[in-house]
Amino acid sequence: MPQIVVLPHVELCPEGAVLDVPTGTSVCRALLDNGIEIEHACELSCACTTCHVIVREGFESLEPAEDEEEDLLDKAWGLEPTSRLSCQTLVPADTDLVVEIPKYTINHAKENH
């Protein structure tokens, strides 16, 4: 089973985490299912940028982003070449991922999910 290594985030995951995740699960769903409360203001529908992550390792193994995701990423805070929306990023079969949750989002009010 692939793993997602979550780098430490001061609020959401101070110690970091290593998650065993079934292939094909979205990164956002995997984080939420494991108690890492990443923001997801649009409820995983690819309509905002609050679930933006930076894929530090394993980016090459991901399916390419669709145009809709690319357009939204242009609005994300702290955009990097390996940025993805975690709600649209599916865990690949044979590759572990290392992800970083950016410090900020463009969301002005935190959602209470």
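Values in this document were obtained by computation on a predicted structure and should not be read as measured data. Values below: all heavy atoms of this structure, side chains included; hydrogens, waters and symmetry mates excluded.
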- Flag, side chain of H9 to backbone of E100, donor-acceptor distance under 3.5 Å: no

- Give the other cluster members for V5, using side-chain heavy-atom distances under 4.5 Å between Ile, Leu, Val, Met, Phe, Trp and Tyr residues; answer none if it is isolated. L7, V18, V98

- Query: Would you say the side chain of C46 lies within less than 4.5 Å of the side chain of L72, judging by non-hydrogen atoms?
  - Reply: yes

- Message: Main chain of S83, side chain of H52: is a donor-acceptor contact present, judged purely on distance under 3.5 Å?
- Response: no

- Does some side-chain heavy atom of V21 sit less than 4.5 Å from a side-chain heavy atom of P2? no

- Answer yes or no: is there a side-chain heavy-atom contact under 4.5 Å between D74 and T49? no

- Query: Are any non-hydrogen side-chain atoms of I54 and P102 less than 4.5 angstrom apart?
  - Reply: yes

- Note on the structure: Heavy-atom closest pair (C48 atom, L85 atom, distance to 0.1 Å) is O-CD1, 3.6 Å

- Query: Hey, which of L97, L19, T95, D20 is the one that makes side chain to side chain contact (heavy atoms under 4.5 Å, CB included) with Q3?
  - Reply: D20

- Message: Could you tell me if the side chain of V99 sits less than 4.5 Å from the side chain of S86, heavy atoms only?
- Response: no

- Item | Verdict with supporting geometry, C28 and I38, side-chain contact (heavy atoms from CB on, under 4.5 Å) | CA-CA 7 Å; C28 191; I38 188 168; 3.8 Å; yes

- Note on the structure: Going by chain and number, the hydrophobic cluster around M1 (ILVMFWY, side chain to side chain under 4.5 Å) further includes none

- Query: Are the side chain of E63 and the backbone of L90 linked by a donor-acceptor contact shorter than 3.5 Å?
  - Reply: no

- Is the backbone of R84 close enough, under 3.5 Å, to the side chain of T89 for a donor and an acceptor to pair up by distance? no

- Message: Is it the case that the side chain of T82 and the backbone of V55 share a donor-acceptor pair, with hydrogens and angles ignored and the cut-off at 3.5 Å?
- Response: yes

- Note on the structure: salt bridge (Lys or Arg N to Asp or Glu O under 4.0 Å) filter on D33, not counting sequence neighbours, yields R29

